[in-house]
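Worksheet: one structure, shown below.
Read the numbers this way: they start at 1 and go in the same order the structure lists the ligands and their atoms. Worth saying up front: this structure is predicted, and the values here are computed from it rather than measured.
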Amino acid sequence: MTTHERVPMWIGGKPVEARTPRFGEVTNPATGAVIRQVPFCSAEDVDAAVAAAKAALPGWRAAPALRRARVMMRFRDLLETHRKDLRKLVSEEHGKTLADAEGSVTRGMEVVEFATGVPHLLKGEYTENAGTGVDAYSIRQPVGVCAGITPFNFPAMVPMWMFPIAIACGNTFVLKPSERVPSTSMRLAELLKEAGLPDGVFNVVHGDREAVDSLLVHPDVRAISFVGSTPVARHIYETGTRHGKRVQALGGAKNHAIVMPDADLPFAVEAIIGAGYGSAGERCMAISVVVAVGDVADPLVDGLAARARKVTTGPGDGTDVEMGPVITAAARDRIKGLIDKGAGEGAALVVDGRDIRVPGHERGFFVGPTLFDRVTPEMTIYREEIFGPVLCVVRVDSLKAALDLVNLNPYANGVALFTRSGHAARRFQEEVEVGMVGINVPIPVPTAYYSFGGWKASLFGDTHAHGAEGVHFFTRGKVVTTRWLDPSHGGINLGFPQNH
Ligand code: NAD
């Protein structure tokens, strides 16, 4: 039996072996080979990480905001320097192409850049003479020890939606990345240390429900930011809030692209192919449903089918590869099972990715680009989040029917409209009940200084990630009302304060 390197935790500024006896396997999805072992941390392991974060809190929260920002500036430069090795790690454990992995590191870096502005972002308001001789001002303070729990599909970017802002605001942090992709977080921890972050401010534990539940009930954890699937997001939100914590839990998605008859068709086809099959469809903002309005349907399906057949599938580090494998054998089998179901329930299977073979990678977890036409809302492939390279075309006869379809869907993360009509676009952005909207933009991920988040079953909690809402989530507001008595004042007045 081969023994594999065990990924340590990161506690108090250094790698620490977990004490848990439970371990899982990390695989390279392109080869199917086990490459590392990951600890499934116990409550005791989590306790050690939270204790380190708690011990580091008083010093860090008292550090001037500009000093905290400078750590982020150095961290940002280190990310730039190590972009290539980060993308290699991301691609090795996740399977996405190197170019896609690098793009995701860059998007994460943009949040770090946003976090360097924290001295400005934490400025409060001041009112002179809120009452006679009374001044008032507002300040925002860190909430304390915060935890982040992240999914497998963005090993660098999604953690970086959270900890740069949390840390810049003066909190300390415990990250529990996905057990499928544990190594990138460890590299980020090393770079944070190199950037001058004091030990204990950032910590990493690994594992499954045991580690997560230990964080959810831990009395010293004050806020939890989660990104993952909807059933787990609901569990995180309900358990965390029941234990008195502030929680934001971003969940799953079923994102529609509506194509109007007046759309620029070749552009829409290219955009939808990228948004549907990029990262093998394993993006929470991936397009999974294409809504063809009116007579655009036939040429649209023909265009998508022709382009889908040309997508090159292979290992993420391969030359000219456009699409890598999915994350695990179980994910591959689940996706193939859903394709079986779609065909069985009467959808037209136009491009079938079930039997793909990638020479030299026979044990990799590949599913080829798949396209269904004439999908209806009752079908399983429409109702369930597939999280794989499967596009489903639904045909409708008007923009209103398209809006009704999107608005009835329980998920509401992202949506896109392809049109040349300003009127249709304006009506769409006003009436669609979805958190992130693209007009001729297939994946409308907000830039770092806006906030990322969906509506309905795609988000539990009130605040979205990063941008101003991220700062809000990781800080508590306080209003101070002050009176500095003039030595000549005439004594205490026991009446209700008057605002004049
Ligand atoms: P997941 O929900 O299985 O796992 C997410 C995290 O929760 C992981 O760290 C995992 O270890 C932990 N976890 C898993 N099961 C748990 C349980 N029963 N109790 C407690 N913790 C548990 O998600 P995933 O498969 O890693 O990622 C894919 C999902 O994430 C998709 O549904 C996708 O849409 C969603 N996602 C959403 C967004 C968003 O911004 N809304 C972004 C990325 C991914």
Side-chain angles (χ1 to χ4, degrees), residues 22 24 26 29 38-41 43 46 93-96 104 107-108 111 147-162 174-182 184-185 204-217 224-240 247-255 279-288 326-328 330-332 334-335 384-388 409-415 434-436 443-446 451-461 463-467 469-470:
R22 291 199 306 128
V26 180
V38 61
F40 285 169
C41 289
V46 169
E93 291 188 348
H94 174 275
K96 63 179 81 188
S104 71
R107 294 310 297 262
V111 182
I149 299 154
T150 53
F152 76 82
N153 63 332
F154 284 106
M157 183 184 82
V158 170
M160 285 198 277
W161 285 354
M162 305 171 179
V174 179
L175 175 65
K176 205 301 284 172
S178 167
E179 65 276 30
R180 315 242 173 260
V181 293
T184 307
S185 301
V204 183
V205 295
H206 303 284
D208 58 0
R209 183 168 182 156
E210 186 178 350
V212 171
D213 285 354
S214 307
L215 286 166
L216 292 179
V217 302
I224 296 189
S225 185
F226 170 87
V227 176
S229 61
T230 287
V232 182
R234 186 178 281 118
H235 163 69
I236 301 284
Y237 185 76
E238 289 173 355
T239 313
V247 182
Q248 57 176 193
L250 282 66
K254 197 80 184 171
N255 306 312
S279 203
E282 291 174 329
R283 292 179 180 141
C284 63
M285 290 293 275
I287 294 297
S288 53
V326 298
I327 186 74
T328 54
R332 177 198 58 202
R334 190 183 58 80
I335 295 163
E384 285 191 18
E385 182 183 33
I386 301 175
F387 222 57
N409 197 285
Y411 295 108
N413 214 38
V415 72
V434 173
M436 293 172 280
I443 303 198
V445 173
S451 297
F452 181 108
W455 290 7
K456 302 193 318 197
S458 297
L459 177 82
F460 300 84
T463 42
H464 292 189
H466 64 68
E469 293 193 37

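Among all protein heavy atoms, the one lying closest to atom 27 (O) of ligand 1 is P151 CB, 3.3 Å. Closest to atom 26 (O) of ligand 1 among all protein heavy atoms lies F152 N, 3.1 Å. The nearest protein atom to atom 40 (O) of ligand 1, hydrogens excluded, is given as F452 CE2, 3.0 Å; this is a heavy-atom distance. At the shortest separation from atom 28 (C) of ligand 1 among protein heavy atoms lies F387 CE2, 3.5 Å.
Evaluated by nearest non-hydrogen atom to atom 18 (N) of ligand 1, the leading choice among M285, H235, R209, K254 is R209. Of the candidates L216, V232, L459, V232 brings a heavy atom nearest to atom 15 (N) of ligand 1. If you check each of G228, A211, A286, C284 against atom 42 (C) of ligand 1, the one with the closest non-hydrogen atom is C284.
Counting heavy atoms closer than 4.0 Å to ligand 1, residue T150 contributes backbone atoms (N, CA, C, O) but none from C-beta onward. With a heavy-atom cut-off of 4.0 Å, W161 touches ligand 1 through its side chain alone.
M285 contributes atom CE, which lies 10.0 Å from atom CZ of F154 (distance to the nearest 0.5 angstrom). With rounding to the nearest 0.5 angstrom, the CG atom of D208 is 6.0 Å from the CD atom of E179. Between atom CD1 of residue I236 and atom CG of residue L216 there is a gap of 4.5 Å, rounded to the nearest 0.5 Å. To the nearest 0.5 Å, atoms OG (S178) and NE2 (H206) are separated by 11.0 Å.
Below 3.5 Å of separation, one finds an N or O of E179 facing an N or O of ligand 1. On a distance-only criterion, F226 and ligand 1 share no N/O pair closer than 3.5 Å. Among the atoms of S229, some N or O lies under 3.5 angstrom from an N or O of ligand 1. Considering backbone and side-chain atoms alike, S458 places every N or O at 3.5 Å or more from each N or O of ligand 1. The shortest N or O to N or O distance between K176 and ligand 1 is below 3.5 Å.
Classification of the W161-F452 ring pair by plane angle, with boundaries at 30° and 60°, yields tilted. Aromatic ring orientation, Y237 versus F460: tilted (interplanar angle from 30° to 60°).
Contact between G207 and ligand 1 is present, with at least one heavy atom of the residue lying under 4.0 Å from the ligand. Put simply, part of G251 is less than 4.0 Å from ligand 1, judged by heavy atoms.
Of all non-hydrogen atoms in L215 and V174, the two that sit nearest each other are CD2-CG1, 4.1 Å. Taking each heavy atom of A253 and S458 in turn, the nearest pair found is CA-OG, 4.2 Å. Scanning all heavy atoms of the two residues, the minimum distance from P177 to V204 falls at CD-CG1, 3.7 Å. Taking each heavy atom of L175 and P159 in turn, the nearest pair found is CD2-CB, 3.9 Å.
Listed by number with element, the atoms of ligand 1 under 4.0 Å from a non-hydrogen atom of V212 are 20 (C), 21 (N). Atoms of ligand 1 lying under 4.0 Å from at least one heavy atom of L250, given by number and element, are 39 (C), 40 (O), 41 (N). For ligand 1, the atoms lying closer than 4.0 Å to a non-hydrogen atom of N153 are 43 (C), 44 (C). Interface of E385 with ligand 1, defined as ligand atoms under 4.0 Å from a residue heavy atom, comprises 31 (C), 32 (O), 33 (C), 34 (O). Residue-ligand proximity, I149 to ligand 1, at heavy-atom distances under 4.0 Å covers atoms 6 (C), 7 (O), 9 (O). Within the listing of ligand 1, atoms 9 (O) sit less than 4.0 angstrom from a heavy atom of S178.
Protein heavy atoms are absent from the space less than 4.0 angstrom from atom 4 (O) of ligand 1.
Counting heavy atoms from C-beta outward, V326 and I335 have side chains that approach closer than 4.5 Å. Two residues are said to be in side-chain contact when any heavy atoms from C-beta on lie closer than 4.5 Å; R209 and H235 meet this criterion. Side-chain contact between E282 and H94 is present, with heavy atoms from C-beta onward closer than 4.5 Å.
In summary, of the residues considered (M436, E469, Q248), a side chain to side chain contact (heavy atoms under 4.5 Å, CB included) with H464 occurs for E469 alone.
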